[in-house]
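In listed order, ligands and their atoms are each counted from 1.
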Amino acid sequence: MEIPLVDLKPQYSDIREDIRKAIESVLENQQFILGPNVRRLEENIAAYTNVSHAIGVSSGTDALLASLMALEVGPGDGVITSPFTFFSTAGVIARLGATPIFIDIDPATYNMDPQKLREFLETGCDRGREGERPVERKSDILIKAIIPIHLYGQCADMDPIMDSAERAHLDIVEDAAQAIGALYHSRRIVAKGQGAGTTDQRSGGIEQAPIEVIRSGSMGRLGCFSFFPTKNLGGFGDAGMVVTNDDHMAEKIRILRVHGGQQRYHHRIIGGNFRLDELQAAILSVKFPHLEHWTEVRRRNAARYDRLFEEMSLTETVHLPLLTEGNRHIFHQYVIRVSHRDELREFLRAKGIGTEVYYPVPLHLQECFKYLGYRMGDFPESERAASETLAIPIYPGLSPEQQEYVVSMIKAFSERKTSTL
Ligand SMILES: *Cc1c(COP(=O)(O)O)cnc(C)c1O
């Protein structure tokens, strides 16, 4: 049986006619840049994310880049993130002349460990006067922002991260590239008017703090989505979106998107070409109404994998994704953790099963970041995850039979392994 890691064809065949009509209408209008389709997509994403502004941009990477530019991150500044993420999270920091500062992950979720963040801010930094941002002691770098990543589609533990950020006067830019539609059950009193999804106040006479279920992307000062073709909501090329509740930031992103000029050929600030085009927006607008359904199918597939691993008695040898309580994982990826990962990957490849390693080299060990001076052993959990994790097919359109085949082949590998030990 041939099972690729991702197969976009079943999804396309379901909506082929609508997509073709949408493309045809853009072709007839001959308006290709920032038109009605971009506006419509922005309105839909803003409403879905429960924020007041969404600004369509050219990619998830440019969403992150424009966000940091809006925060005026530049040379001499530091931005905290995790080393276990896609390259662009840290790449955008470095491209602005700022310094990526890494905090290791929680091995259970692969997201930034809030405890380690707190320790770093409390013991690795000097705090200026009240109201000032922290300075990393060993480098003398002024820290400006934190980019938590909601890796694989599950939100980082944002409550303690937001607490730390607030105490240190740091802005948060959420890298929600993999997490559109993910929910986080926040017990923190989030700033008034900020992205509450539904408010679930269990009464029964007992006074309880409001528990708010918050959409990914709406918790930081800025949130970034990617519509790369294989993301849960994917275009037919590159596209992205910045979301925010901050009017000032929204205006700035809109200006940065068009080379920093509000009025054409008058440039207030230095921006770039970060525009989202009409064709992508039209395609994404056709796909958007299906997003919730596709997400539910992914979640069902994940639950089926969980069951199959259980039934085939594999839970001792295969670590399944951990679902954090009260939150909604959207399963951009279903990632297992195993020893002998590379051998398993090779075995599955020979059986026709596509897998991928997200990500084999943590960012602190990338050649281009050598100048930061990090070494092997600096972030042991990220390093361990990089050598033990494996993403298996989870896309909507995957059949139960295909899933059974995947798990039975992992079982076959595991049996072969124990018999040779
Ligand atoms: C995909 C991705 C990005 C970048 O998005 P592009 O649209 O490919 O530029 C950034 N961060 C993470 C975590 C991603 O998965």
Side-chain angles (χ1 to χ4, degrees), residues 5-6 8 38 41 45 54-69 79-96 100 102-103 105 109-112 145-156 158 161 172-182 216-217 219-220 222-243 253 256-257 272-277 279-281 283-284 287 298 329-335 356-364 366 369 382 385-386 389 391 394-395:
L5 177 70
V6 190
L8 297 171
V38 171
L41 183 69
I45 298 294
I55 304 104
V57 293
S58 31
S59 67
T61 303
D62 286 344
L64 289 164
L65 183 65
S67 294
L68 294 187
M69 287 169 84
V79 177
I80 296 172
T81 191
S82 138
F84 194 60
T85 175
F86 179 59
F87 175 75
S88 78
T89 320
V92 294
I93 301 169
R95 278 169 66 188
L96 292 172
F102 296 119
I103 298 290
I105 54 166
T109 62
Y110 310 109
N111 284 323
M112 182 186 288
I146 306 174
I147 310 182
I149 303 108
H150 306 316
L151 203 67
Y152 306 144
Q154 177 161 254
C155 286
M158 290 299 290
I161 292 174
I172 292 179
V173 176
E174 291 174 70
D175 183 342
Q178 301 187 3
I180 191 161
S216 73
M219 294 174 272
L222 297 140
C224 299
F225 295 117
S226 163
F227 304 129
F228 184 77
T230 57
K231 297 281 157 79
N232 287 27
L233 179 61
F236 288 5
D238 283 304
M241 186 87 54
V242 178
V243 292
I253 300 277
L256 283 164
R257 172 170 74 171
N273 175 358
F274 302 140
R275 294 179 300 240
L276 172 61
D277 71 69
L279 271 174
Q280 293 308 330
I283 290 160
L284 288 162
K287 287 188 160 197
R298 283 175 182 270
H329 195 320
I330 59 150
F331 284 101
H332 172 58
Q333 301 293 349
Y334 186 94
V335 174
E356 189 51 270
V357 175
Y358 300 109
Y359 296 92
V361 181
L363 298 187
H364 67 287
Q366 294 287 347
F369 287 141
S382 297
T389 51
I394 187 74
Y395 60 89

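Side-chain atoms of L41 and M241, non-hydrogen and from C-beta on, do get closer than 4.5 Å to each other. Residues Y110 and Y152 have side chains in contact (heavy-atom distance under 4.5 Å, counting atoms from C-beta outward).
Ligand-side atoms of ligand 1 in range of Q178: 13 (C), 14 (C), 15 (O), range being under 4.0 angstrom from any heavy atom. For ligand 1, the atoms lying closer than 4.0 Å to a non-hydrogen atom of T85 are 13 (C).
Using modelled atom types, one side-chain atom of T81 and one backbone atom of I147 make a donor-acceptor pair closer than 3.5 Å.
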- Item | side-chain contact (heavy atoms from CB on, under 4.5 Å) evaluation trace for M112 with I105 | CA-CA 4 Å; M112 182 186 288; I105 54 166; 5.6 Å; no
- Query: Does the side-chain contact (heavy atoms from CB on, under 4.5 Å) test come out yes or no for S382 and F102, once each step is laid out?
  - Reply: CA-CA 10 Å; S382 297; F102 296 119; over 6 Å; no
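Considering Y359, Y358, F369 as possible partners of F87, the one that fulfils the ring pair (Phe, Tyr, Trp, His ring centres under 6.0 Å) test is F369.
If you look at T61 next to ligand 1, the close heavy atoms, those under 4.0 Å, come from the backbone and the side chain alike.
For atom 13 (C) of ligand 1, the closest heavy atom belonging to the protein is D175 OD2, 3.5 Å. Looking only at heavy atoms of the protein, atom 10 (C) of ligand 1 is closest to S88 OG, 3.2 Å.
By the 4.0 Å heavy-atom criterion, K231 is counted among the residues contacting ligand 1. Not a single heavy atom of G240 sits closer than 4.0 Å to an atom of ligand 1.
Residue G60 has at least one nitrogen or oxygen atom sitting less than 3.5 Å from a nitrogen or oxygen atom of ligand 1, judged on distance alone.
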